[in-house]
Amino acid sequence: MTPKEINAILKTLKASDIAGIECKHAVYTTSKYNDKEDTTNNKDMVIVKELIHLKDGRKLPRLKEYPNYERHFWLVHKSQQNYEDKKEWEYLDKLKKFPTIQCKLNQSIVRAQGWGNPNSRLQMLARNQYLFGCDISTPALIKAAYQKRCPDLFTPNTVAVIDSETDVHHGDGKDPILLTITFRDKVLITIRKDWIEGIASPKERIMEALEKHLGDIIEKRKIKFEILIVESMGQMCVEVLNRAHEWQPDFVTFWNMDFDITVMIQALENEGFDLAEVFSDPRVPEEFRSFHYRRQNPQKEKADGSTENLASYDRWNVATFPASFQFIDAMCVYRQIRKAKGKAPSYGLGYTLQEHLKRGKLYFDTGDSTAEDGSIEWHMQMQRNFKIPYIVYNVFDCIGIELLDEKTKDLQTQVSILSGFSEYAVFHSNPKRAADALHFFCLELGKVAGCVSDKMIDENDKYLLGKEEWIVTLPTHLVIDNGLHMLLEMPTIRSLIRMYVSDADITSTYPNGEIIMNLSKETTMMELGRIHGISASRQRLIGINVTGGPSNAIELLTEVVGAPRLDQLLVAFREELEKEAA
């Protein structure tokens, strides 16, 4: 059904017809007329994609507007402001609660505490150790409110796929000649007119080729095709996005999103389209339509201060705009969900499809043995001499991603379950998702979580061990073959199962170490700076081994407190026996 048809049904509903309402996602946006200097009349809005669950079993999507949604922050009562360090949380009875809206948060904090610059970044204001509850986002608050009201509602996400093919003969290789969107039983193929010119009856020939090469999939999915031959690249993007707004999936995904998004942005901007107007849902009020694309820095700073280059599958790029769907990179989600298992041999779509579906990408023979499948030479020859099969190749790239997700359930279920209350924009960050969960956990305990500032380092931190040299990766060939004997029939064969591994960095040291040892500012009386007579590198190892106390107790006693070694105890024991015998 179209949004218009759905809205017609929604208008006839009574409250008694509704079993519950599920929040699929929430997007924060501000008025384009907001004033940075005078914030008095500034406005913001959260657009929520709802799924209305009716008692008759139907589920209807709806966009819900939350203008100027009220949120809160807290300041410690003046009488309780008697400490210097920042706390992880504070008790509600020691705090005063202040209401505000997200776009006025900084100004409200400055007004409430009586000092500061309202134009400063929030993390600068958060240097105030008496400020609490600011780090949670308004969309996360709204998602939590929905889940609290209807905790048992969870519907698998619906997923559409976009894929582009660009002209590798001319320009910078980012001019689209094909742009396709698929969604269950619907496929829209847009083709640039000047590229397909010269081919007689192109639509008929495309349909014949689709039936020939994808007939089994078309029949099973009952696919209905729409083929548009358009004048310009920008118009191709508009047609594809219009279908996405009409079909209203929960996600629109890509394999390596940055390439396709960049192509679409460039094509639209070159033709003077307003990105906010094209990407935003047409039902969103004009002043709140927006579009922002944030590319993650390809270099990441590690804990020890060094940097590493991030591969495309490790970069969490985020497109933010108010619509019934959200953009998300299927390749990056696939990688994030399986990160603990280590890197796959490849994150190419062809390899991944073969791994899970036993069916790779749909390559065609160009007759040139030097043009390897998927290479730039292969694409050049297909675009020049095999245009109709090339369109089929493009369509299957989209359908293949749909088939993959129907098998793995990454986008249908996993990403939403793992995100919890958090926005999908921070799905790649375990600490940020943990901080969001902590906000609500603290409130249940009568506390409010603290805020992260841009200066979290204390002057006493200079006495502690540095951040460098903590993470050491042990090569596989150096791992000792000391697994447990698990097979009765083969008692000499060791397995890969081991005991006493609480100190092993198998998934991640942070936050597992903190959880195991119940570490927090509230439970820590003092921090150890140095151990006399023990090197810094050895002290790091001791710090890790403390988490495995039962298995490392003897080593810790001998190295840290100077207890005798086992061989020394044995000598002393024998000497005592000799004395008694004498």
Side-chain angles (χ1 to χ4, degrees), residues 75-76 80-90 94 109 113 115-117 120-135 297 299-310 429-432 434-435 438 442 447-474 502-505 508-549 552 555-563:
L75 284 170
V76 177
Q80 300 289 334
Q81 294 184 8
N82 53 14
Y83 53 86
E84 295 183 1
D85 291 339
K86 286 184 71 69
K87 291 186 176 182
E88 292 167 315
W89 46 69
E90 185 57 275
K94 296 182 179 181
I109 291 171
Q113 65 187 15
W115 56 272
N117 182 353
S120 300
R121 293 186 303 111
L122 180 60
Q123 286 193 333
M124 291 184 67
L125 297 176
R127 295 177 188 175
N128 181 3
Q129 68 269 34
Y130 305 124
L131 179 65
F132 291 83
C134 294
D135 286 351
N297 192 327
Q299 284 194 328
K300 176 184 177 181
E301 184 174 345
K302 299 165 71 173
D304 61 3
S306 64
T307 60
E308 66 171 327
N309 293 322
L310 294 177
S429 174
N430 287 334
K432 289 180 181 177
L438 180 66
C442 284
K447 305 175 183 178
V448 180
C451 309
V452 176
S453 79
D454 60 347
K455 288 188 176 181
M456 296 296 290
I457 298 176
D458 183 270
E459 64 175 9
N460 292 318
D461 288 345
K462 62 186 177 183
Y463 300 112
L464 303 175
L465 289 172
K467 295 180 180 179
E468 69 281 353
E469 297 180 11
W470 277 98
I471 301 172
V472 178
T473 302
L474 186 65
S502 61
D503 60 341
D505 185 18
S508 61
T509 302
Y510 174 80
N512 293 340
E514 283 77 358
I515 294 170
I516 292 169
M517 303 186 72
N518 192 29
L519 291 176
S520 72
K521 287 198 171 185
E522 191 174 58
T523 60
T524 303
M525 298 301 295
M526 63 180 67
E527 290 185 66
L528 184 65
R530 289 286 188 273
I531 302 175
H532 181 69
I534 296 177
S535 66
S537 60
R538 194 64 187 168
Q539 187 173 326
R540 288 186 179 88
L541 183 58
I542 291 169
I544 294 173
N545 285 342
V546 165
T547 61
N552 298 314
E555 181 182 352
L556 291 170
L557 286 170
T558 57
E559 292 199 6
V560 180
V561 299

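Basis for what follows: all heavy atoms, side chains included, without hydrogens, waters or symmetry-related copies. A quick note: this is a predicted structure, and the numbers were derived from the prediction, not measured.
- With a 6.0 Å radius and a threshold of 12 heavy atoms from other residues, nucleotides or ligands, Q81 has its CD atom above the threshold.
- Annotation for G450 and F132: closest pair CA-CD2, 3.4 Å, computed over non-hydrogen atoms.
- Although no hydrogens or angles enter the test, the distance criterion places a donor-acceptor pair under 3.5 Å between the side chain of S453 and the main chain of K455.
- Atom-to-atom distance recorded for K447:NZ and K94:NZ is 10.5 Å, nearest 0.5 angstrom.
- With rounding to the nearest 0.5 Å, the separation of NZ in K300 from CG in L310 is 6.5 Å.
- The shortest side-chain heavy-atom distance between D85 and Q129 does not fall under the 4.5 Å cut-off.
- The pair R538-E555 meets the salt-bridge criterion, since a charged nitrogen lies less than 4.0 angstrom from a carboxylate oxygen.
- Taking CD1 of I109 as the start and SG of C451 as the end, the distance is 7.0 Å to the nearest 0.5 Å.
- Put simply, the side chain of K521 gets close to the backbone of K86: a donor and an acceptor are under 3.5 Å apart.
- Annotation: side chain to side chain donor-acceptor pair (under 3.5 Å) contacts of R121 (sequence neighbours excluded): none.
- A donor-acceptor pair is defined here as one N or O able to donate and one able to accept, closer than 3.5 Å; such a pair exists between the side chain of Q539 and the backbone of G529.
- Considering all non-hydrogen atoms of both residues, L125 and N117 come closest at CD2-O, 3.9 Å.
- Remark: S120 OG to D454 CG distance equals 9.5 Å, nearest 0.5 Å.
- Partners of K432 according to the side chain to side chain donor-acceptor pair (under 3.5 Å) rule, which considers only residues two or more places apart in sequence or in another chain, do not exist here.
- Side chain of D135 to main chain of A435: no donor-acceptor pair is present (N/O by atom type, distance under 3.5 Å, no hydrogens or angles).
- Within 6.0 Å of OH on Y463 lie no more than 12 heavy atoms contributed by other residues, nucleotides or ligands.
- In this structure, Y130 contributes its side chain and Y83 its backbone to a donor-acceptor pair below 3.5 Å.
- Partners of D458 by side chain to side chain donor-acceptor pair (under 3.5 Å), not counting sequence neighbours, listed by chain and number: N460.
- No donor-acceptor pair under 3.5 Å is formed between the side chain of E90 and the backbone N or O of V448.
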